[in-house]
There are 2 protein chains.
Amino acid sequence: MTGLAGGTMDRIRAQRKVDMVKVLAFDTFGTVTDWHSGVSAALYRLFPDIDGSELALDWRRTYGPALAEVEAGARPWTLLDDLHREALERLLHDRGVVNATADQINSAVHAWHTIPGWPEAAEGLRRLKRRYTVCALSNGNVALLTEMAKLNDFAWDFIGGADLWRHYKPASEVYLGIADLMRVEPHEVLMVATHASDLEAARSCGLRTAYVERPREWGTQHKDEPVNPLDDYHVTGMDDLATQLGC
Amino acid sequence: MTGLAGGTMDRIRAQRKVDMVKVLAFDTFGTVTDWHSGVSAALYRLFPDIDGSELALDWRRTYGPALAEVEAGARPWTLLDDLHREALERLLHDRGVVNATADQINSAVHAWHTIPGWPEAAEGLRRLKRRYTVCALSNGNVALLTEMAKLNDFAWDFIGGADLWRHYKPASEVYLGIADLMRVEPHEVLMVATHASDLEAARSCGLRTAYVERPREWGTQHKDEPVNPLDDYHVTGMDDLATQLGC
């Protein structure tokens, strides 16, 4: 023993990790924004006769399979807005809503552009931006993410939408793509998300990872959020991430 | 005559133009930043024995031909940073500077990342951002432009670097590319630049145009800046643009 206690070594190791990270890449839906509240509210307003919360949950469940279909090459590149539209039309039909107007559908699809940030997100990003380059890295498209950022005052340094690469996470093109655009090595990027699968894919590309607890992502439904020792950080929000990163 | 005087008609026409524009796309080198001051200062510091201002001017003159060579397909896609490096090495050699270190070259190339904004630029962009989506649309690469924005507090909504499209202006892919990413029609984008050739190419793609006077772009060298009636706006800076656009 050199006289350094275990806690000191942990702090030194943590400091080294922090020192190498230059770019923070954030998942958006669920991680910095509360899609369930935002989309539910729009659906309750647009379709008063059906359960907007339940429809929002079912709509979100179509997301992974739809993106995977595009990534598998089963269909050509399709923007998230268009995937959202198809899924909603199907879900409404299944619920017996057959007379939805184009305006109603457009407004519901657009609700994904205007979902509110989690309360601490905008200010946390602002703190982090002082020391790091903060980027959205999302399966949303650039226009959607730009609108979301303006409404929520997210001060992104750069918006990495899936349409830049025409690939959806967890495809490696997205994680390696942001490192390439920022002219850094993959291990200099910290992927921040509330979804283990996103972080696992990022790690497999050499990125560092931070898990964000968002227990209310699915409304009142329980969400399992165990600490994964493979993540470099496990935080309770953007404010906690800023504090843990010394911002 | 309907009783509307010519001045009133002009105002109505101008208002209609404003109403259709949603996205402002800004050239950066010269238009929002003062490359001559920034690069000259770095060169004087790095190479005290040579005329930094003259070298900066000559360096900038290599820019158009180098980009055109890439666009013509005479060489594969090459980042602006790398084109800058090659040109500088050649220019130094021509001046008899044969012992420049890698650090000196790197620092000089990096000076293009850190050039200062024109005095009114950051605040003007902030005013414009309230009503419009403000994007950089530059032949710089994303990482360069991100660093430039952080240093100058440019609150871009989105950074359109040439590496997103692997094309250099005046290639149509860049002008149409930003409209596509923003999900708007070309005529809903206003290209803002201090270079007539940039605006001419933008117009040929259907974009609207605003010329920004920057009489000191080339230091003390005279720059011709006639009003071109084909431009939708002719302004003296970002503050004037904000005022003319009613922000």
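Here is the naming used below: chain letters follow the sequence lines, and residue numbers restart at 1 for every chain. What you are looking at is a predicted structure, and each value in this text was computed from that prediction instead of being measured.
- At most 12 non-hydrogen atoms from other residues, nucleotides or ligands lie less than 6.0 angstrom from CD of A/Glu200.
- Taken to the nearest 0.5 Å, the CZ atom of A/Phe158 stands 9.5 Å off from the CG atom of B/Leu145.
- Residues A/Asp163 and B/Asp180 form no side-chain contact, since every pair of their non-hydrogen atoms from C-beta on lies 4.5 Å or further apart.
- Of the two parts of B/Thr146, only the side chain, counted from C-beta on, holds a non-hydrogen atom closer than 4.5 Å to a non-hydrogen atom of chain A.
- Within the 4.5 Å cutoff, the side chain of A/Ile159 has no heavy atoms near those of the B/Ile159 side chain.
- When the shell of 6.0 Å around NE2 of B/His110 is examined, it contains more than 12 heavy atoms from other residues, nucleotides or ligands.
- Between the NZ atom of A/Lys150 and the CZ atom of B/Arg131 there is a distance of 12.0 Å, given to the nearest 0.5 Å.
- Side-chain contact check for A/Leu144 versus B/Arg183: every heavy-atom pair is 4.5 Å or farther apart.
- Of all the listed residues (B/Val184, B/Asp81, B/Leu164, B/Asn141), the one sharing the greatest number of non-hydrogen pairs under 4.5 Å with chain A is B/Leu164.
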